[in-house]
Amino acid sequence: PLSDPDRVLTRLDSFISAYGSRGMLYEAWFANRALFELLLLTFDRSEFLAETAIQSPDLIDELEVTGQLNRRKDADRILTEMQYGSDDSDQSLWLRKYFRAEQMRIGLRDILEINDTETTLDELSALADACLRYAMEVIQRRHRLKKPPFSIIGLGKLGGREVNFGSDLDVLFITPGKARNLERAATLATELISLLSERTDAGMTWETDTRLRPEGRDGLLVNDLAAHEHYYRTRGELWEIQTLSRARYIAGDEKAGCAFENLARRLSNLRSPDLPLAAFSKDWKKKIHEMRRITEVERTPAGLEDLAIKTGAGGLMDTEFIAQTLCLAEGWHEPNTRRALERAGQSRLITKKDASVLAENYSSLQRLELTLRRWSYEGETVLPEDEEAQYRVAIRSGLPSGEKLLSRVAKWQKSTRTIYRRFFKAKN
């Protein structure tokens, strides 16, 4: 069923006007009814994909006819395809055109349920990885650099291969060897960020976020490994060490990237702390819980706790904090939340039942977040208050009603928070 038929009709009218030749379009639909039905479903399930289809009317047809919708791509495959346009005079435009087509391919595979949630997030993460790697190649060609000027490290969802529609890419830039000409390196990093994130008439690719670097906005955009290590050991806070548990080398200088990954492994191993480490204390696990509680209070909209599927009680962050705490406590470097939970269940650090419930609830809430973000391409993490809007989200999620949606969410949140309290020995 369609969640909003009137809106679909409006979008369909805009699409027909943009297409140009109505006769050819109607013939194509008559010959391929599945294509017409796919268009309707796309207009109903994603506003941003509908806009993309209207701007590029041939795109869905091309993806369907060429069999692209049946192909799963990893970062290497995507990068190879991107490199076909390496001689294009306008690399910004080429990058955005390719990105738009890939977003449509992945979005349609998700809408058609060819992909499950984990596969969709993995494909989006592969697209992010490839864009960063390709952007690095562009910078090298522009400035005739024989070697990458720095390494790109992914943190957060990028590090964990859990990138969603509209996600920011949390990155660090690490120079190889001792710091030399950091101002020049920062200029190149800024150029790379602009290539990806600048809003143009052709749109943008990913919003790139560098605020997780040492000292945040006040810190150097690019620095060497030694400077990062000195900061984390002498001034880094516990949340920053927690962030390192999801660090992953993405692109650029491989030696520097692997060296940073190894450093992150050592610093985030609180089972055998590699001292000195300013953030370490015997009650570090209690402090992790306190950070979660503060985040819940400060980032959850007042009165909407039950609708906040990320920051609210029993939301996505409960599970992520459990997974990251397990990794810190055991000295594991497993940036992906679900895999960390699986490993914990297999190792009996939590019961297999708890690991399974957490993973299932997390997947279900991720699916809901994916549905919200697939619609708007915004960082949505709170369900709508309006009953009609809740109904539309429910239909897009494969549920019959808004009441059923809220009931499911409440069940997932309640069981997740119960396990969270038990894990952290917390009262609430």
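Quick note: numbers below take in every heavy atom, side chains included, and nothing from hydrogens, waters or symmetry partners. What you see is a predicted model, and the numbers here were worked out from it, not measured in a lab.
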Q. Going through the distances and angles, do Glu118 and Arg161 end up as a side-chain contact (heavy atoms from CB on, under 4.5 Å)?
A. CA-CA 9 Å; Glu118 191 172 5; Arg161 290 189 172 91; over 6 Å; no
(Q) Can you confirm whether Asp61 is buried at CG, in the sense that more than 12 heavy atoms of other residues, nucleotides or ligands lie under 6.0 Å from that atom? (A) yes
**Q.** Residues Arg339, Glu334: salt bridge by 4.0 Å N-O rule
**A.** yes
Q.
Please identify which of these residues, Arg71, Arg72, Arg105, meets the salt bridge (Lys or Arg N to Asp or Glu O under 4.0 Å) condition with Glu123.
A. Arg105
**Q.** Check ion pair Glu320-Arg338 (N to O, under 4.0 angstrom)
**A.** no
Q | Nearest heavy atoms of Ala340 and Cys327, plus distance in Å | A | CB-SG, 3.9 Å
Q) Does the distance from a Lys or Arg side-chain N to an Asp or Glu carboxylate O, for Glu369 and Lys310, drop under 4.0 Å? A) no
Q: Apply side-chain hydrogen bond (donor to acceptor under 3.5 Å, both in side chains) to Ser3 and Arg396, showing your working.
A: CA-CA 7 Å; Ser3 67; Arg396 293 170 195 148; 3.2 Å; yes
Q | For Trp206 against Leu124, the heavy-atom pair lying closest together | A | CZ2-O, 3.7 Å
Q | Audit row: Glu229, Arg266, salt bridge (charged side-chain N to carboxylate O under 4.0 Å, His left out) steps and yes/no | A | CA-CA 10 Å; Glu229 180 169 5; Arg266 297 200 308 274; 3.8 Å; yes
Q.
Would you say CD of Glu215 has more than 12 non-hydrogen atoms from neighbouring residues, nucleotides or ligands within 6.0 angstrom?
A. yes
Q: Please step through side-chain hydrogen bond (donor to acceptor under 3.5 Å, both in side chains) for the pair Tyr134 and Gln91, ending with a clear verdict.
A: CA-CA 10 Å; Tyr134 185 76; Gln91 284 296 293; 2.4 Å; yes
Q) Any donor-acceptor pair under 3.5 Å linking the side chain of Ser56 with the backbone of Asp58? A) no
Q | Salt bridge Arg367-Asp110, side-chain N to carboxylate O under 4.0 Å | A | yes
Q. Do Asp354 and Arg422 meet the salt-bridge criterion of a basic N to acidic O distance under 4.0 Å?
A. yes
Q | Asp253 and Lys255 ion-paired at < 4.0 Å | A | no
**Q.** Pair Glu191 + Arg142: basic N to acidic O under 4.0 Å
**A.** yes
Q: Provide the closest heavy-atom pair for Trp94 versus Met82 in the form atom of the first, atom of the second, distance.
A: NE1-O, 2.9 Å
Q: Check whether any side-chain N or O of Tyr84 sits under 3.5 Å from a backbone N or O of Asp87 as a donor-acceptor pair, and report yes or no.
A: no
**Q.** Verdict with supporting geometry, Thr66 and Glu62, side-chain hydrogen bond (donor to acceptor under 3.5 Å, both in side chains)
**A.** CA-CA 6 Å; Thr66 59; Glu62 182 180 343; 5.8 Å; no
Q) Is any side-chain N of the basic residue among Arg11 and Asp4 closer than 4.0 Å to the acidic one's carboxylate O? A) no
Q. If you measure only the distance, is there a donor-acceptor pair under 3.5 Å linking the side chains of Glu330 and Asn269?
A. no
Q | salt_bridge(Asp44, Arg7) N-O dist < 4.0 Å | A | no
(Q) I want to check something: taking the side chain as every heavy atom from C-beta on, are Glu261 and Arg248 in contact at a cut-off of under 4.5 Å? (A) yes
Q) Do Asp318 and Arg417 sit within salt-bridge range, that is, some charged N less than 4.0 Å from a carboxylate O? A) yes
Q) Should Glu137 and Arg133 count as an ion pair when the cut-off is N to O under 4.0 Å? A) no
(Q) Check this for me: Lys97, atom NZ, are more than 12 non-hydrogen atoms of other residues, nucleotides or ligands nearer than 6.0 Å? (A) no
Q: Would you check, one step at a time, whether the test ring-ring contact (aromatic ring centres under 6.0 Å, His included) holds for His289 with Tyr420?
A: CA-CA 9 Å; His289 166 62; Tyr420 175 92; 5.7 Å; yes
